[in-house]
There are 2 protein chains.
Amino acid sequence: MTRFAAIRDEMLRRINDGDWPVGHELPTEPQLAQEFGVARGTIRRAMDALSDQGLILRRKRAGTRVAARQGHASRMTIPIVRLGIEARGDRYSYRLLARDMRPASADFGGPAGVLHIDCLHLANAQPFQIEQRRISLDALPESIDVDFTRESPNEWLVRHIPATDVETTLRADGAQDEVAQHLQLPEGAPVFVLERRTFLNGKALTMVRMSHPAALYSITTHG
Amino acid sequence: MTRFAAIRDEMLRRINDGDWPVGHELPTEPQLAQEFGVARGTIRRAMDALSDQGLILRRKRAGTRVAARQGHASRMTIPIVRLGIEARGDRYSYRLLARDMRPASADFGGPAGVLHIDCLHLANAQPFQIEQRRISLDALPESIDVDFTRESPNEWLVRHIPATDVETTLRADGAQDEVAQHLQLPEGAPVFVLERRTFLNGKALTMVRMSHPAALYSITTHG
DNA sequence: TAGTGGTCTAGACCACAGA
DNA sequence: CTGTGGTCTAGACCACTAG
């Protein structure tokens, strides 16, 4: 156990035990450094961890206070679909369903239009995910020349495109139309849906909806 | 833009542009410190950010290498249900459905048994979440005396119990039995399910399944 | 404007795992 | 063994903002 970790845990204990209740102002960094007998940098490292977890609020001049817990933050990792399947020892396969160009919609794309790609990712030949991808041809004109019959948009984008800002939404839904058909589910069957939008310097690059049969997909986070 | 942030972004650029392809070994920290004209600590801060994102792998003696991207990591916040509802301007209400003690099951609880609590969280009097809570009475004997008709287990636990380790699973499912009944959904209708287990020093404290009508719940992450 | 957190430095020693 | 990352120090100056 390193020193900053021990100090972080002791601060955590004081918060949890009520020694430092919600709204309480913590001692200043130099004061804590003296109390724990360490350098100020070590105190900061401990406090940074608590601040990242949202347990304390730090403001210049106003000091540091215990935050009211408003929820639970944790780190989530969404694997690339092929790797997730292979990691479970299943056989991955892929099928392109549709590929065409369309004009921009109200909320996505520009004058050059949008590349629509629908494809299916399978685990042991069983439908696992339908990927409905939209790529802005203004932002990524080179995507028009990619052969997506062999490589999924997912993989191509991850390998070629830097993602500065990503927004991911997770939700449940009922399977309908093409989704139900290609996932081989009855209409209305529960599916787990991941929607992601990727930006580079504020400009939308791609948009994707990934739908999975509910029974085959879950996400687990630790911390 | 601080110096470490500028260095972090430059490293990010080198990775994304292929100057540092996957598997490439980065210069050592002192070398980078000299290249960028900063102290080693500033280099470390930039590298820590990349390491947290999973973009580089650092091993003692072996140096630092560009990691193969295996997925996308982001930070997720799951709000306390009452606060999430109130944040949207809706009126929160709560109803206790059932409360009883049962013996431990194979995977949860000890000799003292398990407190089962089922309750409903509503937004504008519409069912929003059914919370099926299990509390180990070996770990939290004081929970037996709590009046859960006024305060939900969710809130009581957040306010009173320190959580060192938390495991959260997100999935979709079809509503069945009590879940369908209390959420006022037809059997098999899609629900968004959060399952969470909380540990203190490796000992399981509580376990909860929170089910929401798919149309009312989603989680969005940034970064 | 004074005091707090935010950043950075130049050094030191340690722990770990690869050669 | 030896070199790398991991931790820590004692100091400095800066930026923001509450009072």
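Letters A, B, ... mirror the listed sequences (proteins, then strands); counts begin at 1.
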How many whole angstroms separate atom [atom1] of [X] from atom [atom2] of [N]?
X: B:Glu25; N: C:dA19; atom1: CD; atom2: C1'; value: 13 Å
X: A:Asp52; N: C:dG6; atom1: CG; atom2: C1'; value: 14 Å
X: A:Arg65; N: D:dT17; atom1: CZ; atom2: P; value: 16 Å
X: A:Leu57; N: D:dA18; atom1: CG; atom2: P; value: 13 Å
X: B:Ile43; N: D:dG5; atom1: CD1; atom2: P; value: 11 Å
X: B:Arg8; N: C:dC8; atom1: CZ; atom2: C1'; value: 16 Å
X: A:Met1; N: D:dG6; atom1: CE; atom2: C1'; value: 16 Å
X: B:Asp48; N: D:dC8; atom1: CG; atom2: P; value: 13 Å

When you measure from the side-chain N and O atoms of [X] to the phosphate of [N], is any distance below 4.0 Å, counting only OP1 and OP2?
X: B:Arg44; N: D:dG5; value: no
X: B:Arg61; N: C:dA19; value: no
X: A:Thr42; N: D:dT7; value: no
X: A:Arg59; N: C:dG6; value: no

End-to-end axis angle, where each axis spans five pairs of the helix from C:dT1-D:dA18 to C:dG18-D:dC1, to 10°: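 End-to-end axis angle: 10°.
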Comparing A:Thr2 and B:Leu26 on DNA chain D - which has the more 5′ nearest nucleotide: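 Nearer the 5' end of the strand: B:Leu26.
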Parallel, tilted or perpendicular, as decided by the 30° and 60° cut-offs, for the rings of A:Tyr94 and A:His121: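 If you compare the ring of A:His121 with that of A:Tyr94, the planes turn out tilted.
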Nearest non-hydrogen partners of A:Thr77 and B:Ala73, listed with the distance: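 Looking at all heavy atoms of both residues, the closest pair is OG1-CB, 3.9 Å.
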Over all atoms of both residues, closest heavy-atom pair of B:Met11 and B:Leu50: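 Minimum heavy-atom contact is CB-CD1, 3.6 Å.
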Side chains of B:Thr168 and A:Ile219 in contact at under 4.5 Å (non-hydrogen atoms):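 A side-chain contact under 4.5 Å is absent here.
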Minimum side-chain heavy-atom gap B:Arg58-B:Asp48 below 4.5 Å: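 SC-SC contact between B:Arg58 and B:Asp48 confirmed.
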Selection from [options] that lies nearest to any side-chain heavy atom of [X]:
X: B:Lys60; options: D:dT4, D:dC8, C:dG5; value: D:dT4
X: B:Thr28; options: C:dT4, D:dA10, D:dT4; value: D:dT4
X: A:Ala62; options: D:dG5, D:dA18, C:dG6; value: D:dA18
X: A:Arg3; options: C:dT9, D:dT9, C:dC8; value: D:dT9
X: A:Phe4; options: D:dG5, D:dC8, C:dG6; value: D:dC8
X: B:Arg40; options: D:dA10, D:dG6, C:dG6; value: D:dG6

B:Glu151 CD: over 12 foreign heavy atoms closer than 6.0 Å: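 More than 12 within 6.0 Å, yes.
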Spacing of B:Ile15 atom CD1 and B:Leu26 atom CG [to the nearest 0.5 Å]: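 The distance works out to 6.5 Å.
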Side-chain (B:Asp138) to main-chain (B:Ala112) donor-acceptor, under 3.5 angstrom: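 Between the backbone of B:Ala112 and the side chain of B:Asp138 there is a qualifying donor-acceptor contact (under 3.5 Å).
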